[in-house]
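Below you'll find the structure, written out as structure tokens, and then a few comments.
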Amino acid sequence: MIVNMKREATEEQIQHVIERIKECGYQAHVIRGAERTVIGAVGSGGNRSALEALQAAPGVEDLVPISQPFKLVSTQLRSERTIVDVGGVPIGGEHWVVMAGPCSVESREQLLATARGVRDAGASILRGGAYKPRTSPYDFQGLGVEGLKILAEARKETGLPIVTEVMGVEDLDAVVEYADLMQVGARNMQNYPLLRRLATVPRPVLLKRGPSSTIKEWLLAAEYLLSGGNPNVILCERGIKTFDAELRNTLDLAGVALAKELCHLPVVVDPSHATGRRSLVPAAARAAVAIGADGIIVEVHPCPERALSDGPQSLDLPGFAAMMRGLQPAIAMVAAGR
Ligand code: PEP
Ligand code: MN
């Protein structure tokens, strides 16, 4: 239920409503907008008719039920776009972001060369996996803590905040110590124990869409993070499974637009995993800009032919710089049309 407070509602009236919502057996989530305060009453098993009686409480304008199964992420509850701060870099709203780097951290030299290159070409966040979810157990599994330390060194040198994947609750403390943005991989989107823990950490979360997940399931996964106390969530569309075997995945562009219509969180696109092919990454990135995504996360390797993971979809450094130049007109056009 959404409790819309009157424009002139006092702090005392807001606090009273929050108390009453809790007494009725619901969680109260306060959203303070520029014009008015809105309070979301969410949860199950509360006393609904007692909640509805809050219509008569001082300072309350009206009560509106939230029709979607996801509540706190919904644009019904919050109409302003959420802006997430990642180590000083704002994502969402007017701020377009490029996160770039290798699929996996392989060595100090490889990561530092990539970090310098992507920074010089205009990226503002460095990506790199230290814990890698690989389809085959015989493939490179990542450097673990050693990889996190290399990422931290690259951040220190370049000033770029880092995004890296947390694969399970057992790695969470190590990743929190080093990462500016915690990546939940596509395979883990519905790992609820992991989401519950991430709801309590003081770091923003990049939540990738599961390869076979519906938009509703994706937004409900984000709801776990918000309802557990972490409002700083960025969604990432990285391609879904369809019947076509030519591409690694199918980029669900309309799904990006729909996610932005239904939910106030920033939504970025991963054109690398969505296509699986280097040659298609710049076109998919331009399409992401045009459909209204808030940014991209893209794989870049100084020598893709030697990459230990995802070489075929990784741009080299000149290719990344060229893609960045090609994106500028599209970014300017979308900004002008806002
Ligand atoms: C990755 O970012 O390298 C990755 C493993 O992505 P996804 O979880 O989308 O497959
Ligand atoms: Mn990858």
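Indexing begins at 1, ligand by ligand and atom by atom, following the structure's order.
The 4.0 Å heavy-atom shell around ligand 1 contains residues C103, R127, K132, P133, E165, Q183, G185, A186, R187, K208, R238, H273, E299, ordered by chain and number.
Contact detail for T158 and A115: the closest heavy-atom pair is CG2-CB, 3.8 Å.
Taking a 6.0 Å sphere around CD of E261, one finds it holds 12 or fewer heavy atoms contributed by other residues, nucleotides or ligands.
Distance alone, capped at 3.5 Å, places no donor-acceptor pair between the Q110 side chain and the P302 backbone. For the pair E223 (side chain) and K71 (backbone), a donor-acceptor distance under 3.5 Å is present.
Taking D120 as the reference, nothing meets the side chain to side chain donor-acceptor pair (under 3.5 Å) condition, with sequence neighbours excluded.
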Please report the C-alpha distance between R32 and E80 in whole Å, then the side-chain angles of each, then the deciding distance to 0.1 Å, and finally whether the salt bridge (charged side-chain N to carboxylate O under 4.0 Å, His left out) criterion is met.
CA-CA 10 Å; R32 294 179 194 271; E80 283 168 40; over 6 Å; no

Quick one, R116 with E157, criterion salt bridge (charged side-chain N to carboxylate O under 4.0 Å, His left out). Give me CA distance, side-chain angles, the key distance, then yes/no.
CA-CA 9 Å; R116 291 178 195 126; E157 193 197 298; 2.7 Å; yes

Does the pair R238 and D270 meet the rule for a salt bridge (charged side-chain N to carboxylate O under 4.0 Å, His left out), with working shown?
CA-CA 5 Å; R238 45 76 76 204; D270 175 343; 5.8 Å; no

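Listed by first and then second residue, the ring-ring contact (aromatic ring centres under 6.0 Å, His included) pairs involving residues 294-338 amount to none (not counting sequence neighbours).
Taking a cut-off of 2.8 Å, the protein N, O or S atoms nearer than that to the Mn ion (ligand 2) are C103 SG, H273 NE2, E299 OE2, D310 OD2.
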